[in-house]
Amino acid sequence: MILVASAEAVSRPQHAYSWEFMAVFFSIGVTCAAVISFGLIVVIGVSPWYEPQYLIPLLGMLLGNACSSVSVGLTSILSEFANGRDGIELLLSLGATRTEATRDVVYTSLRLAMTPLINTMNVVGIVSIPGMMTGQILGGSDPAVAARYQIIIFFLVAVSSSVSSIMTVYMTVFCLCDNRHRLQPAHQLICKKSRGSLSSRILSTLSGIFQKKKRHRQDGRTATNREEEHVNDGQDLTSPLLPPSPAGGQQRE
């Protein structure tokens, strides 16, 4: 689950660098593992803590929201480094550290990453009712108990998404600016084309495999038909063909 979430998060930005996937995988994996362990052991009190009934759905919620936040933050920070490279390099040349030179860029990226989650938390229970709470209420559970569970889930999601975004953004800054506060060469930031979502890439791969199999079958049928034609032509060539006798018994010179 963590591998798929990391792959989906790094597939959205238009730019990439060499340690991008490892940074995202480390940020999402460590943060979600720590948050889900704290939530199951301390807050909910599940015994054992790895009970699949609680672990799988809660981890899926954390990873889904963390993937979205990390993707937005990573897209923003890489775009700022690609388009505003001159401004960052100017600040570094004037004596600013890499943290000082990228402060505005980092704040902008984190604000964009956390905006959807903050907007959702502002209107939850007033405008929208989350799916988990709705399912518990429709299943006959007490609305107060469902609300408590939903509050816990939202706090866990907020912590995992925010910490994952912060770790990813700062690891990106530290990878693109070395410890001597120098901006890495431009070729370190590779421009890539958008490959779409993970599901679309899986569907395109499967369709490509089916098309190859279809072409292979058609080529096999074509080859079989050609072999049959060659066999028929060979049979026709082995049969004696006698020219018709000329009229009057005279041979043609």
Side-chain angles (χ1 to χ4, degrees), residues 1-41 49-50 52 54-82 98-99 102 105-118 153-179 183-185 187-206:
M1 295 173 69
I2 299 175
L3 284 173
V4 174
S6 302
E8 181 66 20
V10 300
S11 66
R12 294 299 181 182
Q14 297 292 328
H15 300 84
Y17 58 97
S18 57
W19 294 94
E20 179 186 25
F21 179 79
M22 295 303 297
V24 172
F25 178 78
F26 179 79
S27 302
I28 293 179
V30 172
T31 304
C32 290
V35 172
I36 193 67
S37 300
F38 176 80
L40 292 177
I41 297 173
W49 65 271
Y50 51 85
Y54 298 92
L55 177 62
I56 294 177
L58 293 181
L59 184 60
M61 294 179 188
L62 298 184
L63 289 176
N65 289 274
C67 174
S68 300
S69 299
V70 168
S71 178
V72 174
L74 187 63
T75 302
S76 177
I77 192 69
L78 291 179
S79 299
E80 292 291 340
F81 266 95
R98 56 183 176 181
T99 306
T102 59
V105 175
V106 169
Y107 287 169
T108 302
S109 301
L110 294 179
R111 185 171 61 252
L112 290 175
M114 296 303 300
T115 296
L117 182 60
I118 293 174
I153 296 301
F154 262 114
F155 278 120
L156 296 178
V157 166
V159 172
S160 62
S161 299
S162 59
V163 176
S164 298
S165 302
I166 292 171
M167 290 180 62
T168 301
V169 169
Y170 273 103
M171 290 179 71
T172 301
V173 171
F174 293 156
C175 288
L176 296 179
C177 295
D178 58 14
N179 54 1
L183 194 61
Q184 295 293 329
H187 67 270
Q188 294 288 339
L189 195 61
I190 304 171
C191 182
K192 63 180 181 180
K193 295 182 179 179
S194 178
R195 296 174 294 175
S197 62
L198 183 63
S199 59
S200 63
R201 296 201 303 271
I202 293 175
L203 291 176
S204 63
T205 303
L206 292 177

Colleague: After noting the C-alpha distance and the side-chain angles of Leu40 and Tyr50, does the key distance pass the side-chain contact (heavy atoms from CB on, under 4.5 Å) rule?
Modeller: CA-CA 8 Å; Leu40 292 177; Tyr50 51 85; over 6 Å; no
Colleague: OG1 of Thr108 to CD1 of Ile77: how many Å apart, nearest 0.5 Å?
Modeller: 8.5 Å
Colleague: Where do Ser164 and Ala66 come nearest, in terms of heavy atoms and distance?
Modeller: OG-CB, 4.1 Å
Colleague: About how many Å separate CD of Glu20 and CG of Leu74, when rounded to the nearest 0.5 Å?
Modeller: 5.0 Å
Colleague: Under 3.5 Å, side chain of Ser71 to main-chain N/O of Cys67, donor-acceptor pair present?
Modeller: no
Colleague: Mind listing the closest non-hydrogen atom pair of Met61 and Ile153 along with its distance?
Modeller: SD-CG2, 3.6 Å
Colleague: Contact between Phe81 and Thr102 at the side-chain level, heavy atoms closer than 4.5 Å - yes or no?
Modeller: yes
Colleague: I'd like to check Met167 versus Thr31 (side-chain heavy atoms, cut-off strictly below 4.5 Å). Are they in contact?
Modeller: yes
Colleague: Please answer whether the main-chain N or O of Asp178 pairs with a side-chain N or O of Arg98 as donor and acceptor at a distance below 3.5 Å.
Modeller: yes
Colleague: In Å and rounded to the nearest 0.5 Å, what is the OG to CZ distance from Ser68 to Arg12?
Modeller: 9.0 Å
Colleague: Answer yes or no: is there a donor N or O on one side and an acceptor on the other, between the side chain of Ser161 and the main chain of Ala158, under 3.5 Å?
Modeller: no
Colleague: Measuring from Leu58:CG to Cys32:SG, what's the distance to the nearest 0.5 Å?
Modeller: 11.5 Å
Colleague: Kindly check if the number of other-residue, nucleotide or ligand heavy atoms within 6.0 Å of CZ (Phe21) is above 12?
Modeller: yes
Colleague: Might you point out which heavy atoms bring Cys177 and Leu183 nearest each other, and give the distance in Å?
Modeller: SG-CD1, 3.5 Å
Colleague: State the CE-OG distance between Met171 and Ser27, to the nearest 0.5 angstrom.
Modeller: 5.0 Å
Colleague: Please determine whether the number of non-hydrogen atoms from other residues, nucleotides or ligands lying under 6.0 Å from atom CZ of Phe174 exceeds 12.
Modeller: yes
Colleague: Taking all non-hydrogen atoms of both residues, which atom of Thr172 and which atom of Leu78 are closest, and how far apart?
Modeller: CG2-CD2, 3.8 Å
Colleague: To the closest 0.5 Å, what do you measure between CG (Leu62) and CD1 (Ile28)?
Modeller: 11.5 Å
Colleague: Tell me the closest heavy-atom pair linking Val70 and Ser165, and the distance in Å.
Modeller: N-OG, 3.8 Å
Colleague: Which heavy atom in Ala82 sits nearest to a heavy atom in His15, and how many Å separate them?
Modeller: CB-NE2, 3.6 Å
Colleague: Determine whether a donor-acceptor pair (N or O, by modelled atom type, separation under 3.5 Å) exists between the side chain of Ser76 and the backbone of Val72.
Modeller: no
